[in-house]
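The structure under discussion appears below in the form of structure tokens.
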Amino acid sequence: HNAHMFYLVCRSLEERTELIDYLKQQGIASVFHYLSLHKSQYFADKHDGRDLPNADRFTDCLVRLPMFAELGATGAERVAGSVLDFYRTR
């Protein structure tokens, strides 16, 4: 991880949506927040128009898991266990 967030890359937007919903049902807040820079309003006039499929893939598939000092080992184990449970049932 990069020391300020922990994320997973799902296989699709559908899977990411289902994972976020499942974790929410478990009382775990997970979010997505990655947006392709080349599609942002700021960068739109700076981009040469090329397709950037990997950037777009991460826009659709990246999910950020909770990671903060107060989470502690027990909380981290609960998050990890819930993610594993989600994938075991798929």
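Note: hydrogens, waters and symmetry copies are ignored here, and every other heavy atom, side chains too, is used.
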request  = Check whether any side-chain heavy atom of L35 sits under 4.5 Å from a side-chain heavy atom of S40, and report yes or no.
outcome  =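 Side-chain contact under 4.5 Å: no.
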Just list the side-chain donor-acceptor pairs under 3.5 Å for residues 49-57, sequence neighbours left out, or say none.
unit_1: R50; atom_1: NE; unit_2: D48; atom_2: OD1; d: 3.0
unit_1: R50; atom_1: NE; unit_2: D48; atom_2: OD2; d: 2.8
unit_1: R50; atom_1: NH2; unit_2: D48; atom_2: OD2; d: 3.4
unit_1: D56; atom_1: OD1; unit_2: S36; atom_2: OG; d: 2.9
unit_1: D56; atom_1: OD1; unit_2: H38; atom_2: NE2; d: 3.4
unit_1: D56; atom_1: OD1; unit_2: K39; atom_2: NZ; d: 3.4
unit_1: D56; atom_1: OD2; unit_2: K39; atom_2: NZ; d: 3.4

query = What residues form a ring-ring contact (aromatic ring centres under 6.0 Å, His included) with Y22, not counting sequence neighbours?
reply =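 With neighbours one apart ignored, the set is F86.
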task = Could you note down all residue pairs passing salt bridge (Lys or Arg N to Asp or Glu O under 4.0 Å) where residues 70-86 supplies at least one of them, sequence neighbours left out?
result =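 Only D85-R88 qualify under salt bridge (Lys or Arg N to Asp or Glu O under 4.0 Å).
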ask   = Restricting to pairs with a member in residues 12-22, which pass salt bridge (Lys or Arg N to Asp or Glu O under 4.0 Å), not counting sequence neighbours?
value =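 Every pair satisfying salt bridge (Lys or Arg N to Asp or Glu O under 4.0 Å) with a residue in residues 12-22: R11-E15, E15-R90, E18-R90.
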Rounded distance (nearest 0.5 Å) linking atom CG of L65 with atom CG of L23 =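 Nearest 0.5 Å value for the CG-CG distance: 7.0 Å.
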If you link I, L, V, M, F, W and Y whenever their side-chain heavy atoms are under 4.5 Å apart, who else ends up in the same group as [X]?
{"X": "F68", "result": "L71"}
{"X": "L37", "result": "Y42, F43"}
{"X": "L84", "result": "none"}

ask   = Looking at I20 and V31, what are the two nearest heavy atoms and their distance?
value =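 Heavy atoms only, the tightest pair is CD1-C, 4.4 Å.
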query = Nearest heavy-atom pair of L62 and Y7: which atoms, and what distance?
reply =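 Residues L62 and Y7, closest heavy atoms: CD1-CD1, 3.6 Å.
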inquiry  = Please enumerate all residues that pass salt bridge (Lys or Arg N to Asp or Glu O under 4.0 Å) together with K24, with sequence neighbours excluded.
reply    =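 For K24, no residue satisfies salt bridge (Lys or Arg N to Asp or Glu O under 4.0 Å) once neighbours in sequence are set aside.
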task = Can you spot which of T17, D60, V63 makes a side chain to side chain contact (heavy atoms under 4.5 Å, CB included) with C10?
result =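 Among T17, D60, V63, the one meeting side chain to side chain contact (heavy atoms under 4.5 Å, CB included) with C10 is V63.
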query = Run the side chain to side chain contact (heavy atoms under 4.5 Å, CB included) check on L19 and S30 step by step: do they pass?
reply = CA-CA 9 Å; L19 175 59; S30 60; 5.7 Å; no
inquiry  = Are L13 and L8 linked, directly or through intermediate hydrophobic residues, by side-chain heavy-atom contacts shorter than 4.5 Å (ILVMFWY only)?
reply    =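 No, L8 and L13 fall in different hydrophobic clusters.
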